[in-house]
Amino acid sequence: MRVIVIGATGTIGQALVKTLSVHHDVVKVGHKDGGFHVDIASVDSIKTLYDSVGSFDAVVCAAGLAKFGRFEELKEADYLLGLTNKLMGQVNLVRIGRQYLKDKGCFTLTSGILSQEPMKGSASISMVNAGLDGFVRAAALELAPHLRINAVSPPWVKETMEAMGMESSSGMPAEKVALAYLNAVEGTRTGQILDPRSLIKN
Ligand SMILES: NC(=O)c1ccc[n+]([C@@H]2O[C@H](COP(=O)([O-])OP(=O)(O)OC[C@H]3O[C@@H](n4cnc5c(N)ncnc54)[C@H](OP(=O)(O)O)[C@@H]3O)[C@@H](O)[C@H]2O)c1
């Protein structure tokens, strides 16, 4: 399969590229660097990407910004960042990409377990992740039978926790998280939110 990976330079994205590349032709898409790049917050940028990559069988997105911060400190602009970037950015990858994706192709988006397991500081991110999960479940009904769509809802990634100076023993290594995306791309499921913890042994 020819698989577009958006966010290919990120913590999850790099592991994803490595895992998918074993059996698939991976098109790596960065934000600013690389042969292909996109700003998912821009519809024009998404169209330019799809116009330039040629035909493909799958789109995987491991990108999307949303603000983490104490409830009393989150401004409206902070919520809007998550809505315009992580939420609508991925929604637009699907809305626009469905016209380019091959028949029987699939989208795999990224939400996050903070939708189901919130913590202090996650109000904006939890809202966005829950929105993505709802979008995926509903969109799958109308994309079938021609296209599939799923989301991976990662737990805290070990490398991210280490980079943030957090105690990381509960984190899942990015290479394990990547296996959930592989499952979504290679399998037949649609409309599902995949928690790597229940798919992959840590
Ligand atoms: N890491 C975790 O613990 C964790 C847990 C749950 C969910 N998630 C979610 O998983 C996703 C990826 O997380 P990550 O930790 O791998 O992120 P990351 O390391 O910060 O990487 C983000 C990737 O997205 C790209 N990017 C940034 N802004 C973009 C834009 N406007 N348009 C297109 N691409 C853009 C970055 O490109 P550049 O390198 O060029 O900036 C990079 O490739 C995020 O949505 C995050 O919320 C992460």
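The first residue in the sequence is number 1, and the count goes up from there. Atoms within each ligand, like the ligands themselves, are counted from 1 in listed order. The model shown is predicted, which means the values in this text are computed figures rather than measured ones. Heavy-atom basis, side chains included; hydrogens, waters and symmetry copies ignored.
In terms of polar-atom proximity, Gly13 is not counted as a contact of ligand 1, lacking any N or O under 3.5 Å from an N or O of the ligand. Backbone and side-chain nitrogen or oxygen atoms of Val157 are examined, and one is located within less than 3.5 angstrom of a nitrogen or oxygen of ligand 1. The N/O atoms of Leu65, backbone and side chain alike, include none that comes under 3.5 Å of an N/O atom in ligand 1.
Counting protein heavy atoms only, atom 13 (O) of ligand 1 is closest to Ile12 CD1, 4.0 Å. For atom 47 (O) of ligand 1, the closest non-hydrogen atom of the protein is Lys86 NZ, 2.8 Å. Nearest to atom 6 (C) of ligand 1 among the protein's heavy atoms is Pro154 O, 3.3 Å. The nearest heavy-atom contact from the protein to atom 44 (C) of ligand 1 is Gly64 O, 3.5 Å. Among protein heavy atoms, atom 39 (O) of ligand 1 sits closest to Thr9 OG1, 2.8 Å. Given atom 33 (C) of ligand 1, the protein heavy atom at minimum distance is Val38 O, 3.1 Å. The protein heavy-atom contact nearest to atom 17 (O) of ligand 1 is Thr11 N, 4.5 Å. Nearest protein heavy-atom neighbour of atom 1 (N) of ligand 1: Thr160 OG1, 2.8 Å.
In this pair, Phe56 and Tyr50 present their aromatic rings parallel. The plane angle is below 30°, not in the 30 to 60° band.
Other residues, nucleotides and ligands place no more than 12 heavy atoms under 6.0 Å from the CD atom of Glu76. Within a 6.0 Å sphere centred on CZ of Arg98, other residues, nucleotides and ligands contribute 12 heavy atoms or fewer.
Closest to atom 34 (N) of ligand 1 by heavy atom, among Ala63, Gly30, Gly7, is Ala63. Counting only non-hydrogen atoms, the option in Leu49, Ile125, Thr110, Asp39 that gets closest to atom 10 (O) of ligand 1 is Thr110. For atom 40 (O) of ligand 1, the choice among Met161, His31, Lys28, Met172 with the nearest heavy atom turns out to be His31.
With ligand atoms numbered from 1 in the order given, ligand 1 contributes 31 (N) to contacts under 4.0 Å with heavy atoms of Asn85. The atoms of ligand 1 that sit less than 4.0 Å from any heavy atom of Lys32 are 40 (O).
Remark: Asp195 engages Ile113, Arg197, Ser198 in a side chain to side chain contact (heavy atoms under 4.5 Å, CB included) (not counting sequence neighbours).
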Original post:
Step by step, would you call Thr108 with Leu194 a side chain to side chain contact (heavy atoms under 4.5 Å, CB included)?
Top reply: CA-CA 10 Å; Thr108 308; Leu194 281 67; over 6 Å; no
Original post:
When you look at Asp78 and Ser124, which way does the side chain to side chain donor-acceptor pair (under 3.5 Å) test go after all the steps?
Top reply: CA-CA 8 Å; Asp78 298 324; Ser124 172; over 6 Å; no
**OP:** Decide yes or no on side chain to side chain contact (heavy atoms under 4.5 Å, CB included) for Phe135 and Leu109, but give the supporting numbers first.
**Re:** CA-CA 10 Å; Phe135 169 74; Leu109 307 184; 4.1 Å; yes
Subject >> Candidate pair Asn183 and Arg189, rule side chain to side chain contact (heavy atoms under 4.5 Å, CB included), full reasoning >> reply: CA-CA 9 Å; Asn183 182 297; Arg189 61 176 83 233; 3.0 Å; yes
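No option in Leu182, Val185, Leu93 other than Val185 meets the side chain to side chain contact (heavy atoms under 4.5 Å, CB included) test with Val60.
For atom 20 (O) of ligand 1, the protein comes within 4.0 Å by no heavy atom at all.
The salt bridge (charged side-chain N to carboxylate O under 4.0 Å, His left out) pairs that include a residue from residues 145-171 number zero, where partners must be two or more places apart or lie in different chains.
Look at Ser153 and you'll find every heavy atom at least 4.0 Å from all atoms of ligand 1. Ligand 1 lies within reach of Pro155, whose nearest heavy atom is under 4.0 Å from it. Remark: distances from the non-hydrogen atoms of Ala62 to ligand 1 include one below 4.0 Å.
The backbone of Ser111, and not its side chain, has at least one atom closer than 4.0 Å to an atom of ligand 1 (non-hydrogen atoms only; backbone = N, CA, C, O).
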